[in-house]
Amino acid sequence: MKKPVKTPVEVQINTTAKTAEAAVKKLKKTAEKVNIEVGAIDKSKKKIKSKVSATHKLSPIDQALQNHLVFSTFKTSEAATPRDWYAAASYTVRDHVVERWIKTAESYYREDPKRVYYLSLEFLIGRMLSNAALNLGIKDELKEGLASLGRDLENTVEMETDAALGNGGLGRLAACFLDSMATMDIPAAGYGIRYEYGMFKQTIENGQQVENPDNWLRYGNIWEFQRPELTYSIKFHGQVVKYPTEHGEFQHWVDAEHIVAMAYDVPVPGYGTETVNTLRLWSAKATREFDLRHFNDGNYERAVEERNETENISKVLYPNDASMLGKELRLKQQYFFVSASIQDILRRFLSAHEIKQLSDWDLLPEKIAIQLNDTHPSIGVAEMMYQLVDNHQLPWDKAWALVGKIFAYTNHTLMPEALETWTVALFENLLPRHLEIIYQINKEFLGMVNHRFPGETDLLTRVSIIDESHGRRVRMAHLAVVGSHTVNGVAALHSELLKQTLFADFNRIYPGKLTNVTNGITPRRWLNQANPALTSLIEKVIGADFKKDLTQIKKITPLADDADFRKAFAAVKLGNKVRLADKIERLTGIKLNTNSLFDVQIKRIHEYKRQLLNVLHVITLYNRIRSGEQGITPRTVIFGGKAAPGYWMAKQIIRLINDIAQIVNNDPAVGDQLKVVYYPNYEVSAAEILFPGSDLSEQISTAGTEASGTGNMKMALNGALTIGTLDGANVEIKEEVGDENIFIFGLTTPQVAEAKENGYNPRDYYNNNAELKEVLDMIGSGFFSVEEPNRYHAIIDNLLNKGDQYLLLADYASYIETQDKVAEVYKNQDEWTRLAILNVANMAKFSSDRAIGEYAKNIWNASPVNPLRSVSNTK
Ligand code: 26Q
């Protein structure tokens, strides 16, 4: 039997037809297919007509650009600055985004699919205009439109300030995942904080890092939509009162301070689809009541002060990426955004589903999945319990059963100093009710463990959510593991190590809970947008499908043996090197030889990533040149990356690199054979120029320390060869490209562990390797810091006398030998190009689409909803 069409307007939203007639025709066809009443469509022809004209009112792009320039920026084309043109272009593209955004929201509302919520303290998005235009398929039109008005697309997109709401890998992964979820039509949303100041801007002054505030919102943000009506109240402090009822003891959180979270929505357009998902970022606002309290007291100043303190919560991103620091404000940030997000998630669920009885709540895990990006949002486990038990009066056990089906947690590090713990005292003061909830979770968890593993008291101590041995601290990773149904690492090796070390006990307690999803990167930004020349070369030979389905890129494999293709590929690489060299000259004044090997290490500065090992190689080369060695392959060694402001040793490493650059770059004996560059303020927009211009990708962390790495994938996808250890995703890159197409060196993870167990002595290496000894002596004696010969004493002391924690000396010889091989292969440019092509060809696995596919299938149980396909026929 045919069902009547409930609201014909709902149906017509799906149409892309440009006229009412075409829409009606199309709708009738669809209606027949899905077995709904066709007559109703004719009856609502008038409504359809107005809807069609409303949805297709967008003007041609050149006209829209002109209109926006005048009406949105209030400038004539004579008076417009490049930034005004950027604004006009953004408004123009944004109009196209908004149209699809509404359709997407409507289709999710209609279809009521299971939704995925990605909770992250960081989203390192970078620029949006170029990416939005690309994903919407209107980049060429935009380019032409701008050109017809005498403007250049490249210069226009350059005016946009990066959205740098993240530190590094973890934040950029979140951004790549948003792109993939939208592209794959997954009904997903990101939740985070709208930091007023993102990652600091780095300048290099006298060779040293200087941090400057990132006032990214100074000129406004065209890509966000403030939602002043969408607010939630967030509580801090206060106390818990307990009172008995006939159903047992109840707890109430009272006398708390209230802070308002206000939503800002950022569109996330998918590539080659109508889907536009939402990234919802929360901003802290003081409440009105808050103000009035003090105003009424006549204490105006106190009112202003409190207002500022409150709004500080979303003021600035913590620029620390590898060590946990116990700042109260950081925990406040975490709870602030998690509470707002979970309230928002539950509000959406409750507005779409009628909950009449307890069993109706069983629908919750069928409709929502929450992914925790590291432990930073793991307070969400306790917050969900709080919402369900205290606010919605669910029995504890029922609520806990639901929580266990909703959350999943991704771990991004094994480094002990990065593991999040908070003192019980801080928790008690800031979130007293949540501490009680955590105690209760822990009590039941330990009860279960004790029951299953009787007598293993050490086990209980080790896995407890409360660490009793370090002055009582809450272990956020344990809370995340206990509260999640799935825990994943981010590369095969990392996940294996999680099972064997950090979470070995949990792997015993919850067999099967630990799993792996190897990271990926979005080919839209990291190939198509960053490297248009390589993209069009590939497109010419295999078509454009690889952008949405990176498995297609394998098809270029045979072309590695095609001399013409190699020539074209090498020309593209050279073009990208020229582009990079120009940029570097503008930034630093250093002129580069674009025929030299561009050897690039760009990532956060950290001892475990071993920028210092790279430095040792640079000095080794310098010494060989000075000693008159012939036949050295000319190299440009490029470093880039930020050090956490409080990480003194990382800052010393930056300074050392710059000191070395001064000496090497100005030594007439060196000439074109070696140049050292420190690329200042490495950020997403810089990465888009650096990756395509690289020949050699440095991925040289001590085996067992880098969870995955994603720069390694970006480099290889842009035709760089990797020199790396068997660490993180390098292991899988090697598997994909083959042993002959990657330069692997150094100790393996078990060898590193063994060396440490057997009393590793770095001095043995120093005494037995003349080149190494010379290099270290030069640094230690002030060869690169004549004004202050002792400047790098601590670095040398660490390596020679303090145990060389990351085994640089143990890996030095192997690294140098492998670099020599690299230099040899590079001499044969044609062979190098062949290997580079094979690297690109074998990157299919490292698309974030593949990663998201695995999350959706194995962890979220989520399916795509395409706003074009979805038709209201079920409800
Ligand atoms: C924690 C507590 C308090 C303050 C700050 C932090 C904090 C913030 C950021 C701790 C860690 C981070 C960032 C970690 C990170 O970027 N990890 C990287 O994640 C990538 C994506 O999975 C991996 O590829 C990298 O290997 C990993 O280092």
Side-chain angles (χ1 to χ4, degrees), residues 118 120-124 164-177 192-193 195 198-199 316-335 371-379 409-423 426 473-477 480 488-495 497-498 516-522 602-610 641-642 644-647 684 699-715 724-725 727-733 846 848 851-852 855:
Y118 199 83
S120 178
L121 258 283
E122 305 191 9
F123 289 93
L124 192 44
L165 308 183
N167 272 286
L170 167 149
R172 183 54 232 179
L173 186 76
C176 283
F177 281 4
I193 294 179
Y195 300 108
M199 188 61 198
V316 56
L317 166 80
Y318 275 97
N320 225 294
D321 74 325
S323 81
M324 144 78 197
L325 71 187
K327 291 273 195 300
E328 172 170 336
L329 186 59
R330 167 77 180 190
L331 183 58
K332 274 190 156 180
Q333 288 186 335
Q334 296 183 350
Y335 180 67
Q371 191 67 31
L372 304 171
N373 199 21
D374 215 295
T375 54
H376 317 155
S378 60
I379 187 64
Y409 151 57
T410 305
N411 172 285
H412 296 266
T413 188
L414 289 156
M415 308 279 288
E417 65 265 36
L419 296 178
E420 253 193 307
T421 64
W422 298 96
T423 64
L426 178 57
R473 300 181 75 93
V474 183
R475 293 163 163 157
M476 301 310 274
N488 76 285
V490 289
L493 173 67
H494 169 61
S495 300
L497 292 171
L498 279 179
N516 174 249
V517 182
T518 298
N519 283 167
I521 58 170
T522 170
I602 41 177
K603 51 184 79 235
R604 289 300 289 261
I605 310 299
H606 198 290
E607 287 160 281
Y608 84 79
K609 296 180 188 278
R610 301 202 295 193
K642 293 173 184 176
Y647 190 172
V684 173
Q699 309 299 337
I700 59 178
S701 51
T702 314
T705 62
E706 187 72 273
S708 161
T710 45
N712 45 6
M713 304 167 187
K714 293 162 199 166
M715 258 334 157
T725 47
D727 198 19
N730 295 352
V731 177
E732 290 157 83
I733 292 178
F846 304 103
S848 45
I852 286 302
Y855 279 101

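Both counts, for ligands and for their atoms, begin at 1 and track the order of listing.
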Self-check item: Test of proximity, G168 against ligand 1: N or O pairs below 3.5 Å
Solution: no

Exercise. Check whether any side-chain heavy atom of H376 lies under 4.5 Å from a side-chain heavy atom of Q333, and answer yes or no.
Key: no

Quiz item: Has the side chain of N320 got a donor or acceptor atom that lies under 3.5 Å from a matching backbone atom of A644?
Solution: no

Quiz item: With distance as the sole criterion, is a donor-acceptor pair present between the side chains of E420 and Q334 under 3.5 Å?
Solution: yes

Quiz item: Looking only at protein heavy atoms, which one is nearest to atom 9 (C) of ligand 1, and how far off is it?
Solution: E122 OE2, 3.3 Å

Quiz item: Quick one: does S323 get an N or O within less than 3.5 Å of an N or O on ligand 1?
Solution: no

Quiz item: Just checking, any donor-acceptor pair under 3.5 angstrom between side chains of H412 and N373?
Solution: yes

Self-check item: Protein contact of atom 16 (O) of ligand 1 - nearest heavy atom, named by residue and atom, plus distance
Solution: L170 N, 2.9 Å

Quiz prompt | Side-chain donor/acceptor of N516 to backbone N/O of A491, under 3.5 Å | solution = yes

Practice problem: Walk me through it: do N712 and F846 pass the test side-chain contact (heavy atoms from CB on, under 4.5 Å)? | Solution: CA-CA 10 Å; N712 45 6; F846 304 103; over 6 Å; no

Quiz item: Considering the options R330, E122, M199, which one meets the side chain to side chain contact (heavy atoms under 4.5 Å, CB included) requirement together with Y318?
Solution: R330

Quiz item: Would you say G709 has any N or O atom under 3.5 Å from an N or O of ligand 1, going by distance alone?
Solution: yes

Self-check item: Closest protein heavy atom (residue, atom, distance) for atom 3 (C) of ligand 1
Solution: R330 NE, 3.4 Å

Practice problem: Taking only heavy atoms of G169 into account, list the atoms of ligand 1 that are under 4.0 Å away from them. | Solution: 16 (O), 19 (O), 20 (C), 21 (C)

Quiz prompt | Per-atom contacts of ligand 1 with N320, taking only distances under 4.0 Å to non-hydrogen atoms | solution = 5 (C), 6 (C), 7 (C), 8 (C), 9 (C)

Quiz prompt | Per-atom contacts, ligand 1 versus Y608 - under 4.0 Å to a heavy atom | solution = 28 (O)

Exercise. Measure from the side-chain N and O atoms of T423 to the backbone N and O of L426, and report whether any donor-acceptor pair falls under 3.5 Å.
Key: yes

Quiz item: Is there a heavy atom of W422 sitting under 4.0 angstrom from any atom of ligand 1?
Solution: no

Quiz item: Identify the closest protein heavy atom to atom 12 (C) of ligand 1: which residue and atom is it, and at what distance?
Solution: D321 O, 3.1 Å

Quiz item: If you round to the nearest 0.5 Å, how far is NZ of K714 from OG1 of T522?
Solution: 10.5 Å

Quiz item: Judged by non-hydrogen atoms, does H376 sit under 4.0 Å from ligand 1?
Solution: yes

Exercise. Examine the side chains of H606 and D321 and answer whether a donor and an acceptor come within less than 3.5 Å of each other.
Key: no

Quiz item: Any N or O on N519 sitting closer than 3.5 Å to an N or O of ligand 1?
Solution: yes

Exercise. Pull out every atom of ligand 1 sitting under 4.0 Å from any heavy atom of L325, numbered as shown with elements.
Key: 4 (C)

Practice problem: Please report which non-hydrogen protein atom sits nearest to atom 26 (O) of ligand 1, along with the residue it belongs to and the distance in Å to one decimal place. | Solution: E706 OE1, 2.7 Å

Exercise. State, without any angle test, whether S701 and D727 hold a side-chain donor-acceptor pair at a distance under 3.5 Å.
Key: yes

Quiz item: Is the closest N or O pair between Y318 and ligand 1 shorter than 3.5 Å?
Solution: no

Quiz item: At their closest point, which heavy atom of L165 faces which heavy atom of L317, and how far apart are they?
Solution: C-CD2, 4.2 Å

Quiz item: With a 4.0 Å heavy-atom cut-off (strictly under), which part of E420 contacts ligand 1: side chain, backbone, both or neither?
Solution: side chain

Quiz item: What atoms of ligand 1 come within less than 4.0 Å of a heavy atom belonging to A707?
Solution: 26 (O)

Practice problem: Identify the protein heavy atom lying closest to atom 22 (O) of ligand 1, giving its residue, its atom name and the separation to 0.1 Å. | Solution: H412 ND1, 2.6 Å

